[in-house]
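A note on names: the letters A, B, ... follow the listed sequences, proteins ahead of strands, and every chain is numbered from 1.
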Amino acid sequence: MKKGDHLFLVDGSGYIFRAYHALPPLTRKSDGLPVGAVSGFCNMLWKLLQDARNTDVGVTPTHFAVIFDYSSKTFRSEIFPEYKANRSEPPEDLVPQFGLIREATRAFDLPCIELEGYEADDLIATYARLAREAGGDATIVSSDKDLMQLVGDAVSMYDPMKDREIRVPEVIEKWGVPPEKMIDLQALTGDSVDNVPGIPGIGPKTAAQLLEEFGDLDTLLARAGEIKQNKRRENIIENADKARISRELVRLKDDAPVVEGLADFVLRPPDGPKLIAFCKAMEFSSLTRRVAEATGADPSGIAATALEIEAGAAAHGPDVGAGKAAAKALGGPTRPDTGNVYATPAELAGKRAEMAGAIPFDRSGYETIVDIKTLDAWIAEAREAGVVAIDTESTSIDPMQADLTGISLAVAPGRAAYLPLGHKSRDGDLLGGGLVEGQVSLRAALDALAPLFSDPGVLKVGQNIKHDWLLLLQHGVAVTPVDDTMLISYVLDAGLGAQGLEALSERWLGHAPMPLKEITGSGRNQLRFETVEIADATPYAGEGADVALRLWQVLKPRLAADGLVSVYERLERPLVEVIGRMEQRGIAVDRQILSRLSGDFSQTAAAIEEEIYETAGERFNIGSPKQLGDILFGKMGLSGARKTATGQWSTSAQILEDLAAEGHELPRKIVDWRQVTKLKSTYTDALPGYINPETKRVHTSYALASTSTGRLSSSEPNLQNIPIRTVEGRKIRTAFIAEPGNRLISADYSQIELRVLAHIADIPQLRQAFADGVDIHAMTASEMFNMPVEDMPPDVRRRAKAINFGIIYGISAFGLANQLSIPREEASAYIKKYFERFPGIRDYMDRTKEHAREKGYVETIFGRRAHYPEIRSSNPHHRAFNERAAINAPIQGSAADIIRRAMVRMDGALADAGLAEVRMLLQVHDELIFEAREADVDKAIPVIREVMENAAMPAISMAVPLQVDARAADNWDEAH
DNA sequence: GTGGTCTCCTA
DNA sequence: GTAGGAGACCACA
C-alpha cells in the first residue's frame with residue numbers, strides 16, 4: 001500500500017446485527033432458511049463496490065476487507081470478566097446467517113478477516129493504523145461509536161445504511177468531543193450493551209462537558225474534588241477505578257497480531273460467476289440480475305453454490321476456525337473448484353447419504369504410523385483438511401483408569417492410519433510382556449499431537465468423543481473443538497434406532513465394521529487389546545476413525561437440513577466437555593460407612609431369613625421369584641395371586657404388600673428382606689468396587705445419547721438411583737461426602753416438570769399457582785374436589801398428586817387405578833373430572849398425539865425431537881404406549897433441556913464469580929451436586945440458583961418461574 | 001458365558 | 001401411566 005491508496009474496512013459483525021434488526025425478516029423460499037441479514041449485507045457490499053467503482057465522486061477503494069468478530073472471548077474478559085456478560089444469545093434465526101455472511105464475503109472475492117481473541121474493532125484499528133502508516137487513507141464502513149476513536153485526518157467512517165460519512169466534525173457534532181477523546185468519554189459513560197461499567201449517572205452530555213472542562217479522564221479523576229454537584233462528585237470519586245477499567249475496555253488495540261497484510265487486500269475486479277453462484281444459492285433474484293448485468297456473466301449457465309449452513313452456527317461459537325475448516329473438508333464453498341451443485345442443506349444432506357457408500361472400505365489400506373516423521377505428515381494432512389476423525393484404543397473401558405494403547409486418525413474417506421503406542425508382547429508373566437518394538441514413544445507422540453488436538457482451526461470428530469476426550473485429558477492432552485457423530489445422530493434421530501458406531505455405519509454407510517472380537521477373540525482366551533498384534537490392530541482401529549469421519553460427512557449436513565443446528569450446538573456439543581469434567585472429578589465415597597452399613601444389612605437379612613424359613617416351614621432361595629411364588633401361592637395357597645407376562649406367579653412388592661395388609665406374616669418379611677438385600681447388593685457392596693484406586697473417588701459415566709427424551713443416564717455405577725425414600729436407604733447417601741474443608745451443595749428444581757407442563761399447555765390455574773408459590777397438589781385437589789386449599793386432607797392431596805404425576809406420564813385409568821389402588825371406574829371418573837377443570841391439558845394431549853402421528857416425532861420447547869415411529873401401530877396397547885410416551889417426552893425432555901442449559905453455563909458462571917474452584921460433580925435429572933470449599937459455599941449457592949432458575953432464557957421465556965432449592969452439608973443425605 | 005425375566009432403586 | 005440402570009436368578013449355549 002502506498003500514498004494515495006485507499007483501504008475500505010467493513011465492520012462485518014457490526015453490520016450483521018444492524019441489518020438483522022433494521023431490515024424486514026426474509027427467508028429463502030425453497031426451505032425457509034432465514035437470510036434477511038445476508039441479503040442486507042450483500043446488497044450493501046454490492047452497492048458499496050459499484051458506487052466506488054463507477055463514480056468519480058467520493059473515494060475509490062484500492063484495498064478492501066471485511067472484518068468479523070472471532071468470538072466473545074477476548075483479552076477484555078481478562079481485564080473485566082463481566083465484559084459483555086449480560087449480552088444475550090443472538091436470535092435463533094440469525095445464528096445460521098453468521099456463517100452465510102462469511103460465505104457471502106468470499107463469494108464477493110473479498111478477504112474475510114477474523115482473529116481469535118480479538119474483536120473486529122481491534123482488527124479494524126490495526127489495519128487503519130497500518131494504512132495510515134503506509135501513507136494511505138482508510139474508510140471504516142460502520143456507524144459504531146466504538147470505532148469513532150479511530151477517526152482522524154487519514155481515517156474516516158461511512159454509515160452504509162444512512163449513506164453518511166463520519167469525519168471529525170461529525171463526531172464532535174454527535175458526541176461533543178473530538179475523536180481522540182472518545183475513549184475517555186466512553187470510559188465515563190460506560191455501555192450497558194457491552195456491560196462496560198463507566199460511572200453511574202454520567203451520560204454523554206455530562207461526560208462531554210466534564211472532558212471539556214478538565215481536558216481528559218486522568219485530570220478529571222485527579223481533580224474530581226473540584227466538582228460542584230455533590231452526587232456527581234461522589235459518584236466519580238467512588239467509581240474512579242471503574243472508569244479506568246472501562247477505558248481499557250473501550251480502547252481499541254491497534255497492534256493485533258494480524259496474519260494477513262494490506263497487500264492481501266488489493267481490490268480485484270468482481271468475479272461475476274462466483275458471486276452469481278452464491279446469489280442463486282441464496283435465491284436473491286434481483287441481485288443475481290444486477291450482478292449479471294454489471295459483469296456480463298450469463299446466470300443461466302451458473303450452478304448455485306453448495307453451502308454448509310451448519311458452519312454458520314459453528315462460526316458463532318468459540319470454534320469459528322473449525323466451522324470454516326468443516327466447510328472446507330466437506331467440499332464446501334471454500335473450495336469452489338470441486339463442482340458443487342447442491343443449493344440447499346437438504347439437497348446436500350441427501351447427496352452425502354447417496355455418496356456415503358461410494359468409496360469402498362479397504363481395511364488393508366490403513367497405514368501404521370511407526371515413526372514421528374510419519375506422524376508429523378499425518379498431522380500436517382489433518383491440518384490441511386481442517387477436520388480429523390480420531391479414535392483411541394486403550395487398556396480399559398473406563399477412561400479414568402485406562403492406558404493409551406493407540407490412536408487412529410482419519411482425514412478423508414478411506415484415508416486413515418493407526419498409531420500404536422502401548423502394544424505389549426503376549427509372552428512374559430501374567431501382566432504381559434514389555435512394549436513391542438516399532439512404536440513411537442507415548443510421550444513423543446502426545447507432544448506431537450497435542451497442538452493438533454487443541455488447534456481451534458482443526459475439528460476433531462469422534463464417535464462418542466467424550467470417551468476419547470476424557471482418556472486423552474487423563475494423558476495430559478486437551479482436545480478441542482470436537483464434533484460427535486453419536487450426538488449428531490441423537491439430535492437427528494432419537495427414537496429411530498441405536499446411535500452406536502456399528503448401527504450408524506450399517507444404517508448410513510451400508511457397511512458392517514469389523515467386530516472387536518475378530519481380533520481379540522472371545523471367551524477364556526480373549527486377548528486384551530494391548531496384546532493384539534499391531535498388524536491386526538491397524539485395520540480395526542483405522543476403520544473406527546474412517547467410519548466416524550464418513551458418518552460425520554453424512555450426518556452433519558442433516559443438522560442444518562432438519563433445522564436442528566441449535567439443538568446440537570446448544571444442548572449437545574458443549575456438554576461433552578462439561579460432563580467430561582464432571583466424570584473426571586468424581587465424588588468421594590466413604591468406604592467405612594458403606595462397610596458398616598453392609599454389616600448391618602447383612603445381620604438384618606440373616607435374621608429375617610431365619611424367620612422366613614420358620615414361617616415357610618422349609619429353606620428355599622428367597623431371592624428366586626419362582627421358588628418364592630411356589631411357596632406363597634402353591635404350598636401356602638395364598639389368594640390374590642397374579643401372573644407375570646410369562647405366566648409365573650408375580651411376587652412384586654405391590655402383591656406382597658396387599659397380602660401383608662390382609663394379615664399374612666410371610667409377605668411382610670419378604671418385603672423387608674428384599675429391601676435390605678437390595679440395599680446391600682446394589683449399593684453398599686457394589687459401590688466400593690467403583691472407587692478409583694488413584695483418585696479414591698467414584699467416577700460415574702454419563703450417557704448423553706441413551707434416552708429418547710434428552711435426559712442423561714448414569715452407569716458404572718448409576719448414581720442417579722441412590723436410595724432416598726426410606727430411612728434405611730437414605731443411610732447410603734451419608735456415604736457420599738465432601739473432602740475435608742469442603743461441603744456438598746445440592747441444588748434441585750422444584751416441580752420442574754409440572755412447571756413445564758403449565759408453560760407448554762398454558763394452564764391458567766397452574767400458572768397462577770406457581771406464580772403465587774402455592775402448594776400445587778393442594779391446588780389441584782381444591783379444583784377437583786371443590787375444597788379449600790387450606791387444611792387440605794392429606795389423602796385428598798395424595799390423590800391429586802398422583803393425578804398430576806399421571807398427567808405427566810400420559811395418564812391412563814388403568815395406571816392411575818393401580819397407583820391409588822382404586823377401581824378403574826373411579827380412576828376414570830377422576831380423570832374426567834380433571835379434564836373438565838383443566839381443559840387445556842386435554843387439548844395439549846390431543847395436540848401432541850396428533851403431531852406425533854403426523855410427523856412421527858414430538859418436540860421439546862427448545863426444538864429437541866423424540867421420534868415415535870410406532871405411534872401408528874395397529875396394536876392398541878402398543879399404540880397407547882407410544883401415545884403416552886409422546887405426551888411425556890416434551891415435558892420430560894424440556895426439563896432435561898433446561899438442566900442441560902444450566903450445566904453448559906454453570907462452570908463459566910462460577911468462574912466469572914470468582915468461584916472457579918466450585919466443582920459440579922453430579923446430575924440427577926432435576927438436581928445438581930457440587931463440591932465447594934466451605935468458604936465459597938455462601939457465595940456459590942446464589943450463583944448456582946441464578947444459573948438454574950434462568951436456564952431457559954433467553955431462548956424461552958417461561959410462563960411460570962423456575963424455582964431452585966439449594967443446600968450445603970457434609971454429605972449428600974443432609975444436603976438434599 | 002450370554003441373554004431374558006423379575007424385581008427395585010431413582011427422577 | 002414416563003424415563004432410566006443394575007443385581008439375582010435361571011435357562012440356554
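Closest approach of A/Ser746 and A/His976 over heavy atoms only: OG-ND1, 3.6 Å.
Residue A/Ser681 is in sugar-phosphate contact alone, with no base atom involved, counting any heavy-atom pair closer than 4.0 Å across all strands shown. In this structure, A/Phe814 reaches the sugar-phosphate backbone alone: every heavy-atom distance under 4.0 Å involves primed, P, OP1 or OP2 atoms, never a base. Among the heavy atoms of the strands, none lies under 4.0 Å from A/Ile807. In this structure, A/Glu753 reaches neither bases nor backbone, as no heavy-atom distance under 4.0 Å exists between it and the strands shown. Contact annotation for A/Ile724: backbone-only contact, meaning every heavy-atom pair under 4.0 Å involves sugar-phosphate atoms and none involves a base. Among the heavy atoms of the strands lying under 4.0 Å from A/Gly806 is at least one base atom, whether or not backbone atoms are also near. Base engagement by A/Arg711 is indicated by at least one non-hydrogen atom pair under 4.0 Å involving a base atom. Counting non-hydrogen atoms under 4.0 angstrom, A/Ala653 reaches the backbone sugars and phosphates but no base. Among the atoms of the strands shown, only primed sugar atoms or phosphate atoms (P, OP1, OP2) are found under 4.0 Å from some heavy atom of A/Ser714. Counting any heavy atom pair closer than 4.0 Å across all strands shown, A/Ala802 reaches a base atom. Within 4.0 Å of A/Asn621, counting heavy atoms only, lie sugar-phosphate atoms of the nucleic acid but no base atom. Using a 4.0 Å heavy-atom distance criterion, A/Ile808 is classed as making no nucleic acid contact. A/Glu716 comes within 4.0 angstrom of sugar-phosphate atoms only, judged by non-hydrogen atoms across all strands, and of no base.
Applying side chain to side chain contact (heavy atoms under 4.5 Å, CB included) to A/Tyr749 and the options A/Val756, A/Val964, A/Asp965 leaves one that passes, A/Val964. The one candidate from A/Ile899, A/Ile929, A/Leu719, A/Ile579 that meets the side chain to side chain contact (heavy atoms under 4.5 Å, CB included) condition with A/Gln923 is A/Ile899.
Between A/Asn804 atom CG and B/dA11 atom C1' there is a gap of 16 Å when expressed in whole angstrom units. In this entry the distance linking CD1 of A/Ile929 with C1' of B/dT10 reads 12 Å, nearest Å. Between the CG atom of A/Leu719 and the C1' atom of B/dT10 there is a distance of 11 Å, rounded to whole Å. One interatomic measurement links the two molecules: CD of A/Gln720 to P of B/dT10, which rounds to 13 Å at whole-angstrom precision. A straight line from CG of A/Leu687 to P of B/dC9 spans 15 Å, rounded to a whole angstrom. Residue A/Tyr683 contributes atom OH, which lies 8 Å from atom C1' of B/dC8 at whole-angstrom precision. Rounded to whole angstrom, the span from the CD atom of A/Gln892 across to the P atom of B/dT10 amounts to 17 Å. Atom C1' of nucleotide B/dA11 and atom OH of A/Tyr809 are separated by 7 Å, given to the nearest angstrom.
Contact check, A/Thr646 against B/dG4: no side-chain N or O comes under 4.0 Å of OP1 or OP2. Under 4.0 angstrom from either OP1 or OP2 of B/dC8 there lies at least one side-chain N or O belonging to A/Arg674. Contact check, A/Arg725 against B/dT10: a side-chain N or O comes under 4.0 Å of OP1 or OP2. For A/Thr682, no side-chain nitrogen or oxygen approaches OP1 or OP2 of B/dC9 to under 4.0 Å.
Where DNA chain C meets chain A (any atom under 4.0 Å from a heavy atom), the bounding nucleotides read 5' to 3' are C/dG1 to C/dC10.
The base of B/dC9 does not come close enough to the side chain of A/Lys678 for any donor and acceptor atom to sit less than 3.5 Å apart.
For A/Glu665, the CD atom is loosely surrounded, since the number of other residues' heavy atoms within 6.0 Å does not exceed 12.
Taking the six-membered ring for Trp and thresholds of 30 and 60 degrees, A/Trp649 and A/Phe633 have ring planes inclined between 30 and 60 degrees apart.
In this structure, CD on A/Glu753 lies 7.5 Å from CG on A/Asp926, to the nearest 0.5 angstrom.
A donor-acceptor pair under 3.5 Å is formed between the side chain of A/His699 and the backbone N or O of A/Gln584. A donor-acceptor pair under 3.5 Å is formed between the side chain of A/Arg755 and the backbone N or O of A/Pro961. No donor-acceptor pair under 3.5 Å is formed between the side chain of A/Arg837 and the backbone N or O of A/Met784.
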